[in-house]
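Working notes for the structure below.
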Amino acid sequence: MIVSSWYKRRGFNASGERLLKKEHMDYWKNTEQITDPRGIALGLNPEVEEVEQGFFELLPSINDIWIENPKCNLNLDCDAVKLFRQNRVTLRGEFDSAAEELARMHRLRFIHLDVLLASFGDYFEHGHDSLTLRFTDQGSVYINQNTQCQGSSAGSTGGGEINVDLPSDFYISMTPEEVADMTWYPKTLKAEGKLRALMEKAKEKGGFCLDFS
């Protein structure tokens, strides 16, 4: 297991093995980063299936957990649940995942993970483009349009990115076609159907940000 400083957030990212153990934090236990008073995040990559009981007590200022494996077992004991409630921890995951269930069970906040809506092209030939739906801690939503290339399929050289802001209730105030038309590749989004399915699921759930507290 590799626990490294996380480039996405202030905190740590775990990857490489199925079980995250307390001993995997030994390298960090005497560092200021582990108790940052501003709060820290923990990212769990898809291969992480389980977190050892007692692990979260090693991170007293944890307030954000990104759980990419929908079946990941966090093994929360009473002390961990108390810590999560005290810190108002946000659990990020997919709809109908263990992350959403834990948030509901322990009266925490749930936010959907970022969603890759479309990705195509080749970096070395014609450029690689991606459209990602992202959700902020404050509840705002945007689509990140990113091009990485030598000669981009979007027509630029070297790549770049643009964020398209959406209303927080876009899943009920807009149609999938209207959202798609705001992006570089509306035909692709409409054809794939991923955006439509996600918006319909959000309607059923009551949004992408669910506060069960």
Side-chain angles (χ1 to χ4, degrees), residues 1-95 97-116 132-144 146 161 163 165 168 207-213:
M1 179 71 73
I2 299 174
V3 176
S4 57
S5 184
W6 200 18
Y7 75 94
K8 281 187 177 181
R9 295 274 164 159
R10 183 173 55 249
F12 306 95
N13 187 68
S15 63
E17 296 180 26
R18 62 166 298 277
L19 177 61
L20 176 58
K21 300 179 180 180
K22 291 180 284 185
E23 64 188 52
H24 293 137
M25 290 301 297
D26 286 350
Y27 175 82
W28 301 96
K29 64 183 179 182
N30 294 319
T31 66
E32 293 182 0
Q33 188 171 347
I34 205 170
T35 57
D36 194 318
R38 296 171 296 177
I40 60 175
L42 176 67
L44 302 175
N45 280 21
E47 63 270 21
V48 181
E49 300 176 4
E50 187 174 2
V51 180
E52 184 179 41
Q53 190 174 80
F55 178 88
F56 294 104
E57 288 87 322
L58 300 176
L59 305 173
S61 57
I62 191 167
N63 63 3
D64 196 14
I65 305 175
W66 294 52
I67 308 169
E68 294 190 47
N69 187 323
K71 296 182 179 180
C72 184
N73 181 8
L74 298 190
N75 280 314
L76 301 183
D77 55 19
C78 292
D79 289 336
V81 172
K82 181 179 179 181
L83 176 66
F84 279 23
R85 289 178 178 170
Q86 175 183 303
N87 292 1
R88 297 182 60 82
V89 167
T90 296
L91 299 180
R92 295 174 179 262
E94 299 177 1
F95 284 140
S97 65
E100 182 186 348
E101 181 59 29
L102 280 176
R104 181 181 289 104
M105 181 185 304
H106 298 299
R107 302 193 300 278
L108 301 170
R109 190 170 177 236
F110 169 86
I111 298 180
H112 202 286
L113 286 173
D114 296 346
V115 180
L116 181 64
T132 304
L133 184 64
R134 294 181 175 173
F135 310 93
T136 71
D137 297 338
Q138 295 73 36
S140 57
V141 189
Y142 64 95
I143 294 178
N144 175 263
N146 186 281
E161 61 181 329
N163 292 331
D165 293 327
S168 58
F208 291 93
C209 177
L210 309 175
D211 192 342
F212 298 109
S213 60

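Residue numbers run from 1 in the order of the sequence given. In this text, all values refer to a predicted model and were calculated from it rather than measured experimentally.
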Query raised in the report: Passes side chain to side chain contact (heavy atoms under 4.5 Å, CB included), Leu42 versus Val51? Steps please.
Result: CA-CA 12 Å; Leu42 176 67; Val51 180; 5.8 Å; no

Query raised in the report: Has Arg88 got more than 12 heavy atoms of other residues, nucleotides or ligands less than 6.0 Å from its CZ?
Result: no

Requested in this report: Apply side chain to side chain contact (heavy atoms under 4.5 Å, CB included) to the pair Lys21 and Met1, showing each step before the final yes or no.
Outcome: CA-CA 9 Å; Lys21 300 179 180 180; Met1 179 71 73; over 6 Å; no

Distance (rounded to the nearest 0.5 Å) between [X] [atom1] and [Y] [atom2]:
X	Y	atom1	atom2	answer
Gln86	Asp79	CD	CG	11.0 Å
Glu23	Leu58	CD	CG	11.0 Å
Ser5	Trp28	OG	CH2	5.0 Å
Glu57	Asp77	CD	CG	4.5 Å
Arg109	Asn63	CZ	CG	10.5 Å
Ile111	Asp211	CD1	CG	9.0 Å

Report task. Return each pair, listed once, that meets ring pair (Phe, Tyr, Trp, His ring centres under 6.0 Å) where at least one residue sits in residues 41-79; pairs must be two or more places apart or across chains. Result -> Trp6-Trp66, Phe56-Phe84

Taking all atoms of both residues into account, what is the closest heavy-atom pair of [X] and [Y], and its distance?
X	Y	value
Glu50	Cys72	N-SG, 4.0 Å
Gly93	Ala99	CA-CB, 4.0 Å
Glu52	Asn75	C-CB, 4.4 Å
Glu94	Ser97	O-OG, 2.6 Å
Phe110	Ala103	CB-CB, 3.8 Å

What pairs with [X] under side chain to side chain contact (heavy atoms under 4.5 Å, CB included), at least two apart in sequence or on another chain?
X	result
Ile40	Phe12, Asp36, Leu59, Ser61, Ile62
Pro60	Thr35
Arg134	Asp114, Thr132, Tyr142, Asn144
Glu68	Asn45, Pro46, Leu113

Query raised in the report: So do the side chains of Leu102 and Ile67 get within less than 4.5 Å of each other, counting heavy atoms only?
Result: no

Requested in this report: Could you check Asn69 against Leu44 for side chain to side chain contact (heavy atoms under 4.5 Å, CB included), going step by step and ending with a plain yes or no?
Outcome: CA-CA 8 Å; Asn69 187 323; Leu44 302 175; over 6 Å; no

Query raised in the report: So, does Glu47 use its side chain to make a donor-acceptor pair with the main chain of Gly16 at under 3.5 Å?
Result: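 Yes; at least one donor-acceptor contact below 3.5 Å.
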
Query - Residues Met105, Leu76; criterion side chain to side chain contact (heavy atoms under 4.5 Å, CB included); working and verdict - result: CA-CA 11 Å; Met105 181 185 304; Leu76 301 183; over 6 Å; no

Query raised in the report: Any Lys/Arg nitrogen of Asp64 or Lys8 sitting under 4.0 Å from an Asp/Glu carboxylate oxygen of the other?
Result: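 Looking at Asp64 and Lys8, the cut-off is not met.
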
Query - Any residue meeting salt bridge (Lys or Arg N to Asp or Glu O under 4.0 Å) with Glu49, in chain and number order, not counting sequence neighbours - result: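 Partners of Glu49 by the salt bridge (Lys or Arg N to Asp or Glu O under 4.0 Å) criterion, ordered by chain and then number, come out as Arg18.
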
Query raised in the report: Relative to each other, are the rings of Phe135 and His112 parallel, tilted or perpendicular (30° and 60° limits)?
Result: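 Judged by the thresholds at 30° and 60°, the geometry between Phe135 and His112 is tilted.
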
